[in-house]
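As structure tokens, the structure follows; a few thoughts come after it.
This chain uses plain numbering: 1 for the first residue, then up along the sequence.
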Amino acid sequence: MKYFWLSFLFFVVAYLVPLGGRPLVPPDEFRYAEIPREMMDSGSYAAPHLLTVRYFEKPVLGYWMTAGSFKIFGQNAFALRLPCALGAGLAAFLIFFLVNQTLRDDKLAALASMLFLTSGLVYGVSTFAVLDSQTTGLITGILVTSFLAVLEPGFTRRRVLLLALCGLFAGLAFMTKGFIAWVVPGLAMAGFLIWERRWKEFYLLPWIPAVVALVIVAPWALAVHRAEPDYWNYFVMIEHVQRFTAKTEGQHPEPFWYYIPVLLGGVFPAAFLAPAAFAIGRKAWGKLLAQPLYRFCLCATVLPFLFFSASSGKLGTYILPCFPPLAVLGAGAVACYFRAGDGRSRAFHRVMNFWGGALVLAGTGVLVIELGGFESYFAEHRVLAVLTGIAGLVYGLALLLTAKRVWRVRLYIFFAGFAAVLALGGWAIPEGMIGDKMPERALKQLPEKLGFDTRKVVLVTHPAYMHAVAWVYHRPDVRSLNTVGELDYGDGEAEKRGEPRVFISTAELVKLLKKPGRPGVVYITRESREFKLPEPFPHQEAVIAEMKAIYFPPLPAAEEVK
């Protein structure tokens with residue numbers, strides 16, 4: 001089990017240690033922070049709301065996870081991102097468990113989990129506050145338990161337990177991301193059973209998982225229907241049917257081939273080991289695919305990938321569930337490559353090791369030269385920035401100088417050096433990234449700079465900042481000028497029901513500014529975009545980083561701007 005603990009240590013160092021090291025990035029991270037906080041403040045956990053209006057794009061479990069993390073660790077960046085990182089950790093553990101249970105090879109199991117954790121797309125998504133990582137962990141649970149259940153001869157107690165666990169994962173996955181969490185493993189299992197010609201399993205396998213999943217989902221499904229009768233209509237028709245078929249801008253339409261470069265780029269830096277898959281040759285691949293595990297993983301990679309490619313709406317994060325089975329396939333190929341005893345093929349990896357080290361050194365050098373002095377870019381994180389640079393240099397040199405060492409040494413250095421760079425780099429945030437891309441610090445400086453009380457003003461923002469303003473000032477009643485973007489449905493429902501809206505037009509803002517006895521009004525926008533009103537009003541302005549704020553002081557009750 002020592003190999004399991006090595007992969008666990010990598011996960012802790014590379015994924016958990018740097019989680020709180022960088023500010024939140026708009027709009028996604030502020031959105032997924034604000035929704036669970038509004039749940040906690042209101043005490044209403046059935047239906048998600050954002051900026052006080054209905055937000056039905058996702059089910060609730062992801063928000064519940066974040067709310068639970070907030071209650072334990074406080075409302076901060078670490079607590080927000082922790083469920084995402086744990087989603088990757090769950091997937092990595094399940095990969096290890098799957099390979100070890102089927103092949104009884106803990107070295108290969110650890111390699112598979114490490115290839116998954118060192119894939120760039122996996123790392124980027126799993127240390128960023130979105131729901132795809134948690135969904136991937138739960139989908140991996142469906143894949144692993146259903147496959148192990150299929151391998152069980154007869155209807156044993158172990159098979160019943162595995163199918164029940166499959167239903168547990170299926171219910172939780174649905175409550176995190178919806179029906180897509182069933183489509184992905186369903187395609188994988190259907191393809192595998194057809195390949196194996198196990199037709200009876202189509203009738204026997206689904207029942208226990210379906211019942212367990214229904215028991216888990218039903219209480220919340222009924223509760224959200226009672227609270228918001230239109231939830232299921234919106235969630236099914238707009239977020240599933242329309243996302244798959246419609247080519248509207250809001251559904252992210254992309255060409256069929258969109259995911260090919262996403263997949264190829266997303267496996268780096270683990271892809272430095274990927275050429276082994278080609279070096280082992282057709283015969284070795286034939287032997288691998290003679291084993292049920294690799295046939296299943298091939299189905300679990302290719303069929304969902306084709307499904308997502310056929311969908312009209314595409315985002316790079318959608319194919320994350322393809323990475324766990326892809327890591328198992330990659331580990332099998334890498335193991336064949338190193339265990340074959342072919343000196344020429346091992347020499348091929350030495351070349352990749354050398355060029356990997358050269359690229360790391362070159363990248364570190366370019367970064368240092370580009371950033372120039374650490375004075376201006378790393379004002380508060382200078383020591384960490386220097387340590388990150390040193391770690392990058394040491395890592396690159398180690399890869400170069402060990403190119404001819406035993407392959408196990410090369411693998412250890414590859415993973416250990418990568419973990420060290422990630423652990424330090426997550427905390428060394430350049431000052432140049434603070435502001436428009438990471439506005440939290442700038443927003444915190446505005447009240448003191450302009451002299452207003454965040455609890456006593458009307459907050460109006462550019463839509464790019466509405467989530468961030470609500471989170472930083474603890475003000476879900478923020479207003480967005482002239483457009484509400486993703487909140488169009490919820491804002492429209494609020495208008496129909498006579499409830500407070502997010503939208504405010506320029507005309508409504510002018511009317512508010514003229515109103516006697518009004519509180520102060522703060523408008524927050526981008527520095528590059530001028531804000532002009534049809535009439536002049538007394539105001540103060542401040543520019544911090546790439547953010548512009550205009551403060552209209554309170555108007556006395558006896559006064560009215562003409």
Query - Criterion ring pair (Phe, Tyr, Trp, His ring centres under 6.0 Å) against Y15, the qualifying member of F116, F418, Y123, F128 - result: Y123

**Report entry** T66 side, atom OG1; R37 side, atom CZ - distance, nearest 0.5 Å
**Finding:** 13.0 Å

Report task. With sequence neighbours excluded, tell me which residues meet salt bridge (Lys or Arg N to Asp or Glu O under 4.0 Å) with D28. Result -> R31

Query raised in the report: Are side-chain N/O atoms of N100 and Y3 paired as donor and acceptor at under 3.5 Å?
Result: no

Query - Side chain N76, main chain A79, donor-acceptor under 3.5 Å - result: yes

Requested in this report: Find the distance between CZ (F202) and CE (M189) and round it off to the nearest 0.5 Å.
Outcome: 9.5 Å

Query raised in the report: What about the rings of F56 and Y231, do their centers lie closer together than 6.0 Å?
Result: yes

Report task. May I ask you to test the L163-V160 pair for a side-chain heavy-atom distance under 4.5 Å? Result -> no

**Report entry** side chain to side chain contact (heavy atoms under 4.5 Å, CB included) between L16 and L19, worked out
**Finding:** CA-CA 5 Å; L16 298 187; L19 275 185; 4.1 Å; yes

Report task. Could you grab the distance from atom CZ of F414 to atom OG1 of T118, nearest 0.5 Å is fine? Result -> 5.5 Å

Query - Test item: S133 side-chain N/O and A88 main-chain N/O as donor-acceptor pair under 3.5 Å - result: yes

**Report entry** Heavy-atom pair with the smallest gap, counting every atom of A164 and I208
**Finding:** N-CG2, 3.7 Å

Report task. Report yes if some heavy atom in the side chain of F235 is under 4.5 Å from a heavy atom in the side chain of P59; otherwise report no. Result -> yes

Report summary line: Here the pair of heavy atoms bringing P18 nearest to A423 is CB-O, 3.9 Å

Query raised in the report: Any salt bridge between D105 and K107, counting N to O under 4.0 Å?
Result: no

Report summary line: Rounded to the nearest 0.5 angstrom, the CG-CZ distance for D491 and R479 is 8.5 Å

Query raised in the report: Side chains of P324 and T136: does their closest heavy-atom pair fall under 4.5 Å?
Result: yes

Query raised in the report: Would you say R81's side chain and A129's backbone share a donor-acceptor pair under 3.5 angstrom?
Result: no

Query raised in the report: What's the spacing between R226 CZ and L222 CG if we round to 0.5 Å?
Result: 6.0 Å

Query raised in the report: Where do P439 and A468 come nearest, in terms of heavy atoms and distance?
Result: CG-CB, 4.1 Å

Query raised in the report: Is any side-chain heavy atom of I180 closer than 4.5 Å to a side-chain heavy atom of F308?
Result: yes

Query raised in the report: Got E440 and F30 here, is their nearest side-chain heavy-atom distance under 4.5 Å?
Result: yes

Query raised in the report: Taking the inter-plane angle between the rings of Y32 and Y63 on a 0 to 90° scale, is it parallel (under 30°), tilted (30 to 60°) or perpendicular (over 60°)?
Result: parallel

Report task. Give the intermediate values and the outcome of side chain to side chain contact (heavy atoms under 4.5 Å, CB included) for residues M39 and V60. Result -> CA-CA 10 Å; M39 283 183 168; V60 294; 4.1 Å; yes

**Report entry** Check against side chain to side chain contact (heavy atoms under 4.5 Å, CB included), L111 and F415
**Finding:** CA-CA 10 Å; L111 178 60; F415 293 123; 4.2 Å; yes

Requested in this report: Give a yes or no on whether W257 atom CH2 has more than 12 heavy-atom contacts from other residues, nucleotides or ligands under 6.0 Å away.
Outcome: no

Query raised in the report: For H474, does the NE2 atom sit with more than 12 other heavy atoms under 6.0 Å from it, leaving out its own atoms?
Result: yes

**Report entry** V224 and W220: CA distance, side-chain angles, deciding distance, side chain to side chain contact (heavy atoms under 4.5 Å, CB included) verdict
**Finding:** CA-CA 6 Å; V224 75; W220 167 71; 3.8 Å; yes

Query - Least distance between heavy atoms, A91 atom then T140 atom - result: CB-OG1, 3.9 Å

Query raised in the report: Just wondering, do F70 and L80 contact through their side chains at under 4.5 Å, heavy atoms?
Result: yes

Query raised in the report: Is the number of heavy atoms from other residues, nucleotides or ligands within 6.0 Å of CZ (F8) greater than 12?
Result: no

Report task. Indicate the atoms forming the closest heavy-atom contact of L51 with A470, along with that distance. Result -> CD2-CB, 3.3 Å

Query raised in the report: Quick one: CE on M466 to CG on L487, what's the gap to the nearest 0.5 Å?
Result: 4.0 Å

Requested in this report: Please check if the side chain of R198 supplies one atom and the backbone of V150 the other of a donor-acceptor pair under 3.5 Å.
Outcome: yes

Query raised in the report: More than 12 heavy atoms of other residues, nucleotides or ligands under 6.0 Å from CH2 of W232: is that the case?
Result: yes

Query raised in the report: Should L148 and T102 count as side-chain neighbours, where that means a heavy-atom distance under 4.5 Å?
Result: yes

Query raised in the report: Just by modelled atom types, is the M65 backbone N or O under 3.5 Å from a matching donor or acceptor in the S69 side chain?
Result: no

Query raised in the report: Under 4.0 Å between a Lys/Arg side-chain N and an Asp/Glu carboxylate O for R159 and E201?
Result: yes

Report summary line: Closest heavy-atom pair, L24 versus A77, reported as atoms and distance to 0.1 Å, is CD2-CB, 3.7 Å

Query raised in the report: What's the verdict on side-chain hydrogen bond (donor to acceptor under 3.5 Å, both in side chains) for E486 and Y55, showing C-alpha distance, side-chain angles and the deciding distance?
Result: CA-CA 9 Å; E486 63 182 354; Y55 188 75; 3.2 Å; yes

Query raised in the report: Is the backbone of A290 close enough, under 3.5 Å, to the side chain of R295 for a donor and an acceptor to pair up by distance?
Result: yes

Taking only distance into account, with no hydrogens and no angle test, what donor-acceptor pairs under 3.5 Å do side-chain atoms of residues 170-179 form with protein atoms, sequence neighbours excluded?
| residue | atom | partner | partner atom | Å |
| --- | --- | --- | --- | --- |
| T176 | OG1 | L172 | O | 2.8 |
| K177 | NZ | D132 | OD1 | 2.9 |

Report summary line: Exactly one candidate in F96, F10, F11, F97 meets ring pair (Phe, Tyr, Trp, His ring centres under 6.0 Å) with F4; the answer is F96

Query raised in the report: Do V267 and F323 have side-chain heavy atoms sitting under 4.5 Å apart?
Result: yes

Query raised in the report: For R497, which residues count as a salt bridge (Lys or Arg N to Asp or Glu O under 4.0 Å) partner, sequence neighbours excluded?
Result: E493

